[in-house]
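See structure below.
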Amino acid sequence: MNAFPYADKTALVTGASSGLGAEFARQLARRGSNLILVARSTDRLRALAAEIEQTRPVRVEVLPADLADRSAVAAVAEHVRGRVHLLVNNAGLGTYGPFVDTDRDYEQILVNNAALVALTRALLPEMLDRHAGGVLNVASTIAFQPGPYQAVYAATKAFVLSFTEALRVETRASGVRVLALCPGPVQTGFLTALGDDRAAHTAIYSRLDRADRVVTVGLRALDRDRGIAIPGTRNTLLAWGPRFTPRAVTARISGRLLRPTTSDPSRA
């Protein structure tokens with residue numbers, strides 16, 4: 001299997017202003033890809049673009065957009081049509097806490113699922129016409145089981161995983177590679193963005209992987225045309241272990257791992 005042809009191709013990376021998205025941009029630039037970077041923060045995108053263009057001979061286009069806005073997603077798709085060889089659907093939004101105490105549920109679905117599907121819908125046909133290209137969707141190890149205290153987020157990532165697996169079967173032998181990258185918790189701004197400091201005091205979020213390592217695993221899997229990539233032995237066990245456990249038991253175990261450990265019962 002030949003490595004993915006990054007050089008002189010254009011990659012679109014969503015959620016590119018920080019974390020995994022910014023690391024995808026850096027590593028793809030090192031492989032010679034031109035970049036279209038999408039996120040809400042114009043200033044962060046411009047700073048990242050300047051950093052990359054100072055060190056790599058690639059073109060970087062900044063495209064600020066709120067992917068929870070359907071019209072903005074449509075505008076992005078129309079603007080980049082015909083130019084994208086690799087789509088990295090990385091943008092993601094999560095919350096933490098009991099479902100009845102959290103909000104932003106619909107916003108999570110819009111960003112994590114609707115925008116991902118819309119961009120894939122817009123860009124995949126032209127990849128199929130070229131018989132070349134790639135779609136890398138960032139899911140999560142939480143996609144493999146229910147996620148109490150992150151009920152909506154876990155469900156959106158299960159959608160991403162299922163959608164990606166189905167898409168891969170539909171595009172077999174087309175020349176287009178389709179991959180679901182399923183990391184565990186990563187050292188990004190995601191944990192802080194959850195909006196509840198109790199998340200840091202759970203078994204799941206007590207250990208965070210490095211963003212550069214996760215992206216390296218993802219791009220290596222794309223080079224090898226793998227369907228699913230799970231960085232790390234611990235994450236692999238967390239992902240595949242539920243296959244051998246009744247779902248009701250799996251949900252309870254997942255709940256214990258995501259339940260905050262605190263000495264204050266009112267905060268539990």
Side-chain angles (χ1 to χ4, degrees), residues 1-39 44-63 65 76-77 79-92 116 119-139 160 164 167-168 171-183 186 188 209-231:
M1 175 59 63
N2 296 326
F4 188 86
Y6 303 99
D8 299 320
K9 306 297 183 183
T10 298
L12 186 154
V13 182
T14 67
S17 59
S18 62
L20 288 177
E23 187 59 33
F24 267 114
R26 294 184 181 102
Q27 292 200 26
L28 288 168
R30 287 202 291 269
R31 288 164 169 79
S33 291
N34 299 312
L35 300 168
I36 301 172
L37 306 181
V38 179
R44 288 183 180 181
L45 287 179
R46 287 176 176 168
L48 178 61
E51 171 199 322
I52 291 172
E53 290 180 328
Q54 287 173 2
T55 57
R56 302 291 169 185
V58 299
R59 297 187 303 277
V60 184
E61 180 179 351
V62 167
L63 197 56
V76 168
H79 182 75
V80 305
R81 200 179 299 277
R83 297 193 285 139
V84 176
H85 300 86
L86 173 62
L87 170 61
V88 180
N89 282 309
N90 165 76
L116 178 148
L119 290 174
T120 305
R121 167 76 67 187
L123 301 179
L124 179 60
E126 61 196 42
M127 296 180 190
L128 294 173
D129 288 343
R130 294 190 211 109
H131 302 286
V135 177
L136 192 162
N137 292 331
V138 177
V160 172
T164 307
L167 206 62
R168 179 174 171 82
T171 57
R172 286 187 66 183
S174 68
V176 178
R177 305 184 190 192
V178 178
L179 167 69
L181 175 60
C182 301
V186 185
T188 65
D209 207 342
R210 297 197 325 267
D212 61 331
R213 178 178 174 275
V214 170
V215 171
T216 296
V217 169
L219 294 182
R220 284 177 179 170
L222 188 67
D223 284 338
R224 296 168 183 169
D225 197 15
R226 300 281 175 81
I228 297 176
I230 305 172

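Atom set for the values below is all heavy atoms of this structure, side chains included, hydrogens, waters and symmetry mates excluded.
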Could you check if a side-chain atom of [X] sits within less than 4.5 angstrom of a side-chain atom of [Y], using non-hydrogen atoms only?
X: Asn89; Y: Leu136; result: no
X: Leu20; Y: Val214; result: yes
X: Val38; Y: Val13; result: no
X: Leu123; Y: Val135; result: no
X: Ser33; Y: Leu86; result: no
X: Asp209; Y: Pro183; result: no
X: Asn34; Y: Val60; result: no

(request) State whether the side chain of Asn90 and the backbone N or O of Gly15 hold a donor-acceptor pair below 3.5 Å, judged by distance alone. (result)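 Yes, because the side chain of Asn90 sits within donor-acceptor range (under 3.5 Å) of the backbone of Gly15.
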(message) I'd like to know if the side chain of Arg177 and the backbone of Gly133 have a donor-acceptor N/O pair within less than 3.5 Å.
(response)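 It does not hold such a pair.
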(request) Take Arg168 and Asp225, measure what salt bridge (charged side-chain N to carboxylate O under 4.0 Å, His left out) needs, and give me the verdict at the end. (result) CA-CA 10 Å; Arg168 179 174 171 82; Asp225 197 15; 3.2 Å; yes
What's the shortest heavy-atom distance between [X] and [Y], and which atoms?
X: Ala229; Y: Val217; answer: CB-CG1, 4.3 Å
X: Val76; Y: Ala65; answer: CG2-CB, 3.6 Å
X: Leu219; Y: Leu28; answer: CD2-CD2, 4.0 Å
X: Ala77; Y: Ala122; answer: CB-CB, 3.6 Å
X: Ile52; Y: Ala29; answer: CG2-CB, 3.6 Å
X: Ala139; Y: Val160; answer: CB-CG1, 3.9 Å

(message) Counting only heavy atoms not in Arg81 (residues, nucleotides, ligands), do more than 12 fall under 6.0 Å from its CZ?
(response) yes
(message) Strictly by side-chain hydrogen bond (donor to acceptor under 3.5 Å, both in side chains), give each pair with a member in residues 10-29 just once, sequence neighbours left out.
(response) Glu23-Gln27, Arg26-Glu51, Gln27-Thr216
(message) According to side chain to side chain donor-acceptor pair (under 3.5 Å), who are the partners of Arg56, at least two apart in sequence or on a separate chain?
(response) none
(request) Could you tell me whether Arg83 and Glu126 make a salt bridge, using a distance below 4.0 angstrom between a side-chain N and a carboxylate O? (result) no
(request) Please determine if Arg31 and Asp8 form a salt bridge, counting it only when a charged side-chain N lies under 4.0 Å from a carboxylate O. (result) no
(message) Can you tell me how far apart OG1 (Thr164) and CG (Asn137) are? Round to the nearest 0.5 Å.
(response) 3.5 Å
(request) Could you please spell out the steps behind the side-chain contact (heavy atoms from CB on, under 4.5 Å) verdict for Leu63 and His79? (result) CA-CA 9 Å; Leu63 197 56; His79 182 75; 3.8 Å; yes
(message) By the definition side-chain contact (heavy atoms from CB on, under 4.5 Å), identify the one residue from Leu37, Leu35, Val84 that meets it with Leu12.
(response) Val84
(message) Please list all pairs meeting ring pair (Phe, Tyr, Trp, His ring centres under 6.0 Å) that have one or both residues in residues 6-34, counting only residues at least two apart or in different chains.
(response)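 Matches after skipping sequence neighbours: Phe4-Tyr6.
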